[in-house]
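To start, the structure itself, in structure tokens.
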Amino acid sequence: MSHFRKFMWAVAAASMLLVPAAAPAQDAYPSRPITMIVPFPPGGVADQSGRPVAAALEKILKQPVVVTNRPGAGGAVGMAAAANAKPDGYTILMALSSISIIPEADKLFGRQPAYQMSQLAPVALVTADPTVLVVSADSPWKTVEDFVEDAKKRPGEISFSSSGVYGTLHMAMEMFAHAADIKLRHVPFSGGGPALTALLGNHVQALASGPGPVIPHIKAGKLRALASWGEKRLDALPDVPTFKELGYKDVEFYIWSGVFVPAGTPEPVMKVLRDAMRQVVEDPEFKSAMEKLQTPVVYMDAPEFQKFWDRDAAMLAAAVQRVGRIEEKKQ
Amino acid sequence: MTDTLSNLFLGFTVALSPDVLLFAVVGCIIGTLVGMLPGVGPLAGISLLLPVTFGLNPTTAIVLLAGIYYGAMYGGSTTSILMRIPGEAASVMTCIDGYAMTQRGRGGPALAIAAIGSFIAGTVSVVGLMLLAPPLAAVALRFGPPEYFALLTLGLLVLAFLTGGSMPKSLAMAALGLFLGTIGIDLMSGFFRFQYGLIELGDGIGIVPVAVGLFGISEILLTAGQETPPQVQKPKLRDLPPSREELRAAMGPVGRGTVLGFLIGIVPGSAHVISSFVSYALERRLSRHPERFGKGAVEGVAGPESANNAAACGSFVPMLSLGVPSGPIPAVMLAALMVHGIAPGPLLMQQQPELFWGFIASMYVGNLVLLILNLPLVGLFVNLLRIPYAYLYPAILVFCVLGVYSVNNSVIDVWIMTVMGALGYVLRKFDFEVAPIVLGLVLSPMLETALRQSLAMSSGSYAIFIDRPIAVGMLAVAAALFLVSFLPALKRGAGWRRTIGLET
């Protein structure tokens with residue numbers, strides 16, 4: 001018995017360590033630390049733009065902004081956590097374009113959606129990076145025209161890698177393939193890194209990727225960029241045309257990141273956050289951090305961002321629908 | 001060669017400059033402490049501390065992270081050996097014989113051998129990394145999905161040699177592990193499998209909560225269930241250093257583990273975790289007394305621990321020479337570099353020689369610091385065992401919960417750990433070995449993905465495995481191994497049922 005009692009005492013003592021300090025009473029927002037949910041692991045794109053935003057917000061709001069990584073199920077876990085959080089402004093979300101894909105894919109498979117897009121309200125767009133179509137430097141394709149011509153000759157034989165099925169990199173490629181009316185072979189990987197490794201090893205022939213990871217390989221002469229999905233050419237790749245220039249007028253795609261709050265967050269709180277985000281993008285430390293990441297800051301305030309998001313979500317929804325349920329298709 | 005030497009000299013001037021050296025030491029200490037937290041292995045440790053490095057300059061940041069990485073590896077073996085709690089998948093095999101050694105009062109030598117083995121493996125692999133990185137990296141890139149599949153098939157065959165108990169029981173456990181590995185999003189179709197409405201299961205069942213539950217929690221439950229409480233150990237000073245026989249027994253496994261681990265580590269992907277399993281199986285197979293494995297064989301600690309460290313080092317080969325994220329840990333390291341405005345890529349070595357060679361040199365320094373730090377600490381750690389179980393075990397439980405939760409901030413992970421603890425308890429009561437479950441869980445998603453990616457590449461034609469020389473070579477070795485393992489059974493005719501444990 002004495003053993004058992006000792007055990008219980010020790011459990012009680014140890015669990016005392018876990019009791020959080022009582023929260024102070026409510027005051028003008030923000031009166032206590034804010035949690036920023038990043039639904040991806042540390043080191044990913046969302047984390048890399050989330051942390052500088054959090055650091056700048058901290059200075060502006062005079063409250064700690066704690067970044068919490070809640071990875072899982074391609075971001076669905078963290079986004080659902082934010083969508084279902086109390087709408088009081090103390091939980092904010094740093095999300096990527098995939099926020100619009102997950103509910104669509106859930107719908108496609110007829111499963112209980114992890115969250116609805118209507119459960120989240122946009123605060124500010126922070127970055128938007130167009131994807132770039134890259135092929136091996138040893139490949140015969142010098143232009144998009146070469147690529148499309150070859151793909152038409154042998155449908156379904158040119159393969160591309162992606163960050164995962166219905167992932168952003170898959171969707172970008174799907175948009176281009178649809179517009180060019182070509183059939184490509186899809187080999188999904190788990191994440192942009194392994195997808196790039198597969199292209200570098202010549203296991204696949206093409207990849208749509210964010211510019212950051214591929215630019216060093218383009219400069220080193222291992223990869224060739226054929227086109228970008230942006231509205232205008234990338235500063236880092238001035239010779240690479242956009243799909244729009246090449247006549248694919250609907251082929252426009254960005255990997256973007258933005259700050260969201262749970263829907264129903266009171267208007268005064270929203271205003272504080274929107275004003276704060278406006279100052280964040282002007283913050284010199286934030287700017288230099290984003291410059292180092294070679295990620296252009298593209299700021300949009302809530303109303304504008306909402307429009308951008310609606311358009312993007314509709315485009316992605318259409319792409320997801322076109323891809324359809326994978327296992328129903330005959331390869 | 002002279003180039004390499006002068007570059008290395010440059011590296012050491014960077015690594016030994018006071019501030020960089022300070023960060024290497026600080027990284028090693030933080031890493032050791034983080035690694036001691038049950039469930040928090042090197043990956044979690046680095047990820048959690050990544051933000052801390054954002055304010056540093058790139059060289060110190062990468063040196064600090066490398067220190068944390070190595071430190072966490074060393075620290076992880078401490079909890080595996082003393083408390084049977086693996087910090088990550090790679091230290092699962094260390095739990096088995098390491099903990100058995102602790103129970104026999106040889107915890108000190110086990111820790112010392114793990115530290116020495118890791119040091120040798122780490123140092124030798126850095127030499128390999130330094131001299132062979134560019135040519136090896138080119139080979140590493142040739143590993144696409146079909147080659148990966150062949151490699152993992154070899155890993156699967158290792159199962160047969162992993163445990164000494166009954167073969168059907170081991171295979172049943174491996175099958176359970178393989179099944180658990182199918183939970184989560186199907187990578188090829190986006191379909192959720194066996195998630196029962198829990199989106200947290202979307203990424204599958206994490207290896208860490210399973211390993212901590214099956215090994216650590218079940219051990220605590222088993223101890224609590226004993227009629228008489230186990231004697232608290234009182235380690236004596238003269239029992240701390242390994243004996244001459246133990247050191248001699250460890251040397252072969254350390255050497256083989258180093259080579260094996262380094263080669264497996266180079267392959268891009270997460271295959272490096274299988275290096276410790278393969279090394280353990282190899283040592284058990286080569287040993288003249290395989291029955292000692294599982295009961296505190298020195299080789300069972302020395303081999304896997306060395307393989308594990310060498311693999312970690314090998315995984316830097318593609319990262320540093322090509323800038324490809326060759327595994328989860330190098331991916332986080334690359335992210336850290338990107339935060340500092342350094343674009344990792346094939347030109348890293350030319351554009352950032354100070355960073356590259358400073359990093360290499362700091363790996364030598366870090367390994368040495370850890371050896372110096374850890375050998376004296378062995379005495380301190382072993383004394384943790386003096387704490388009466390009534391206090392030690394609840395504390396361990398609390399730290400297990402904290403550690404497992406902190407990896408993904410997920411309560412579901414804590415539940416998985418709890419369920420696996422109970423499952424491990426029941427299985428071990430019935431004399432099932434739990435290590436094959438972990439190996440199955442590690443292998444199954446990788447194996448499935450590689451197979452299906454290969455078939456996606458070839459549009460469904462299995463000829464892809466025959467057309468590619470590396471893949472067909474490895475598959476041939478696998479087939480040969482499979483047949484060889486049946487040879488003795490065939491020779492002995494009717495007695496085969498007994499030899500594979502169907503009748504005992």
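Protein chains get the first letters and strands the later ones, always in sequence-line order, with residue 1 at the start of each.
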Quick one: which of Val77(A), Ile37(A), Thr68(A) gives a side-chain contact (heavy atoms from CB on, under 4.5 Å) with Asn409(B)?
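Testing each of Val77(A), Ile37(A), Thr68(A) against Asn409(B), the sole residue satisfying side-chain contact (heavy atoms from CB on, under 4.5 Å) is Thr68(A).
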Would one find more than 12 heavy atoms of other residues, nucleotides or ligands at under 6.0 Å from atom [atom1] of [X]?
X         : atom1 : value
Arg452(B) : CZ    : yes
Lys59(A)  : NZ    : yes
Glu285(A) : CD    : no

Taking atom [atom1] of [X] and atom [atom2] of [Y], what is their separation to the nearest 0.5 Å?
X         : Y         : atom1 : atom2 : answer
Lys292(A) : Leu337(B) : NZ    : CG    : 12.0 Å
Arg70(A)  : Ser410(B) : CZ    : OG    : 6.5 Å
His203(A) : Met457(B) : NE2   : CE    : 6.5 Å

Less than 4.5 Å to any heavy atom of chain A: does that hold for the side chain of Ser406(B), its backbone, both, or neither?
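For Ser406(B), no heavy atom lies under 4.5 Å from chain A.
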Against chain A, label Arg468(B) side chain, backbone, both or neither, depending on which of its atoms sit under 4.5 Å from a heavy atom there.
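Only the side chain of Arg468(B) comes within 4.5 Å of chain A.
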Region of [X] that comes under 4.5 Å of a non-hydrogen atom in chain B:
X         : value
Leu200(A) : both
Ala220(A) : both
Ser159(A) : neither

Residue pair His186(A) / Ala456(B): nearest heavy atoms and the distance that separates them
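So the minimum-distance heavy-atom pair works out to O-CB, 3.8 Å.
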What heavy-atom pair brings Val165(A) and Asp186(B) nearest, and what distance separates the two atoms?
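Here Val165(A) and Asp186(B) meet closest at CG1-O, 4.5 Å.
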